[in-house]
Asks: 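Have a look at the structure that comes next, please.
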Protein chains: 2
Amino acid sequence: MTALHERIRTDIEKKILGGELKPGDRLPIEHDLMAEYGCSRMTVNKAISALAAAGLVQRKRKAGTFVATPQAHAMVLDIPDLADEVRGRGQAYRYRLLHREVCNAAKVDASLEIEGDVLWTVGVHMADGKPFAHESRAVSLSAVPDIDEAVFDPEGPGTWLLRHVPWTEAETRISASGAMDGEAQALRVPEQTPCLTVTRRTWRADEHVTAVRQLFLGGSYSLVAHFGASQ
Amino acid sequence: MTALHERIRTDIEKKILGGELKPGDRLPIEHDLMAEYGCSRMTVNKAISALAAAGLVQRKRKAGTFVATPQAHAMVLDIPDLADEVRGRGQAYRYRLLHREVCNAAKVDASLEIEGDVLWTVGVHMADGKPFAHESRAVSLSAVPDIDEAVFDPEGPGTWLLRHVPWTEAETRISASGAMDGEAQALRVPEQTPCLTVTRRTWRADEHVTAVRQLFLGGSYSLVAHFGASQ
DNA sequence: TAGTGGTCTAGACCACAGC
DNA sequence: CTGTGGTCTAGACCACTAA
């Protein structure tokens, strides 16, 4: 037997998804649902709050609960750790370090938009010995002093950071560009091969932790974003 | 005054994000938090359940609540309506229809992965008279019978659908590719120019509504995803 | 088997915003 | 002003599972 609040939630969800309740329609008030399901108000509230959190309905005091019009432009983008993702596909993962240097951010690629002293790394991510992504990364030394001692052989700095440094805020910018000289060479493709470009900046409590620019071979990599019930 | 369950939630969240509580650490049991905050167990439960729903902690009966190891990060991807976005930048928007046909899905680009009879449209999105995105779209006629009468002159089918058809589920796949013959011509760029490729499929209650493939000029368009407090 | 979370009750007071 | 949701209580029983 599933929980009652779960049943109430899915009941209403079905009505909305099935078209019985259309955007703008008003749901029964909590007191009526209490009577309908013969339960307490908290149980009804839990069910409808979940729907509101999922964006299916909108609640307004005094007015009631209404089916939302889902012109939601917000989708959930999965950003997996590259090492985990490659291994998840049953392939061997390796990060090959091409360059490592402690320097001032000014020396690093300006697109990374980071400041102060940093550890700058350049490398490629490889699946079964074949490179599929080029990465240029700057890690702030003031935010992550330990990074200086880290070794990036089987796994890259991204994986290391993920396991050692929690972050509170991140921004990812996704675009497309042609592989430039060094990038193309590292990826073993012709120059100007179309690549998915991902630039991510990460903060921890207002302190800039890392900035990274990754180039993925267009034909062999994609990001996926979801909206809705299906995971 | 913020709600108490909200305060408990953010308190613990800060401890996790600040590193005070590390992945694998065990949180105090609900009874202890009750005592700490001087509230009822339901209030504590609501706070921690929210953290669990957000993926920050993992709950296990008999064992306790543990800080989760963040592997795949879910970020919020903003997917704006192209017409709104262009106008928001103060530019003039127009959709130019290149092809319109009612046919069976089999005839349409296979990458759209849709079935049955559809309205197939091909067009370009233009900002200030300059094309910046190529779009090939299939709309299911059984899901959206009205689409047959719609006119796509100043605005495209995407905007029309957004305003007329609510959807409940969507999947967006983001990659990069070189512009092909027709696409390159419509965008007025050389063939193989790197483009951001966005393929989106949309459902309403298990019924496939539309599938679309958009090519954006790599240098002039990007998607942005956020995680954290800032918007 | 016992500790822990999962769920639920039958009330209560309050804040807010439509009416 | 009043209907509605937001929050909270002080219990209770149950289900699961790790010890």
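Keep in mind that this is a model prediction, so the values were computed, not measured. We name chains A, B, ... by the order of the sequence lines, and we start the count at 1 in each one.
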Asks: What is the distance, rounded to the nearest whole Å, between atom CD of A/Gln58 and atom P of D/dT4?
Replies: 17 Å

Asks: Is the shortest distance from a Lys or Arg side-chain nitrogen in B/Arg59 or B/Glu30 to a carboxylate oxygen in the other one below 4.0 Å?
Replies: yes

Asks: Distance check needed: C/dT4 P versus B/Leu33 CG, whole Å only.
Replies: 12 Å

Asks: Does atom NE2 of A/His164 have more than 12 heavy-atom neighbours, drawn from other residues, nucleotides or ligands, at distances under 6.0 Å?
Replies: yes

Asks: Name the pairs: protein N/O against N/O of nucleotides 7-11 of chain D, kept only if under 3.5 Å.
Replies:
residue : atom : partner : partner atom : Å
D/dC8   : OP1  : B/Leu4  : N            : 2.4
D/dC8   : OP2  : B/His5  : N            : 3.3
D/dT9   : OP1  : B/Ser40 : N            : 3.4
D/dT9   : OP2  : B/Ser40 : N            : 2.7
D/dT9   : OP2  : B/Ser40 : OG           : 2.7
D/dT9   : OP2  : B/Thr43 : OG1          : 2.6

Asks: Can a side-chain donor-acceptor contact be found between B/Glu115 and B/His208 if the only test is distance below 3.5 angstrom?
Replies: no

Asks: Can you check the A/Arg59 CZ to D/dG6 C1' distance for me, whole Å?
Replies: 9 Å

Asks: Check nucleotides 14-19 of chain D for protein N or O atoms closer than 3.5 Å to its own N or O atoms and list the pairs.
Replies:
residue : atom : partner : partner atom : Å
D/dA15  : N3   : B/Arg61 : NE           : 3.3

Asks: If you measure from the Lys or Arg side-chain nitrogens to the Asp or Glu carboxylate oxygens, is any gap between A/Glu155 and A/Arg87 under 4.0 Å?
Replies: yes

Asks: Can you tell me if the side-chain N/O atoms of A/Thr65 get under 4.0 Å from OP1 or OP2 in D/dT4?
Replies: no

Asks: Do B/Thr121 and B/Arg100 pair up side chain to side chain, a donor and an acceptor below 3.5 Å, judged on atom types alone?
Replies: no

Asks: Nearest 0.5 Å please: distance from the CG atom of A/Asp11 over to the CG atom of A/Leu33.
Replies: 10.0 Å

Asks: With sequence neighbours left out, write down each residue that passes side-chain hydrogen bond (donor to acceptor under 3.5 Å, both in side chains) with B/Ser140, or none if nothing qualifies.
Replies: B/Ser142

Asks: Over all heavy atoms of both residues, which pair between B/Tyr221 and A/Ser175 is shortest? Give the atoms and the distance, please.
Replies: O-OG, 2.9 Å

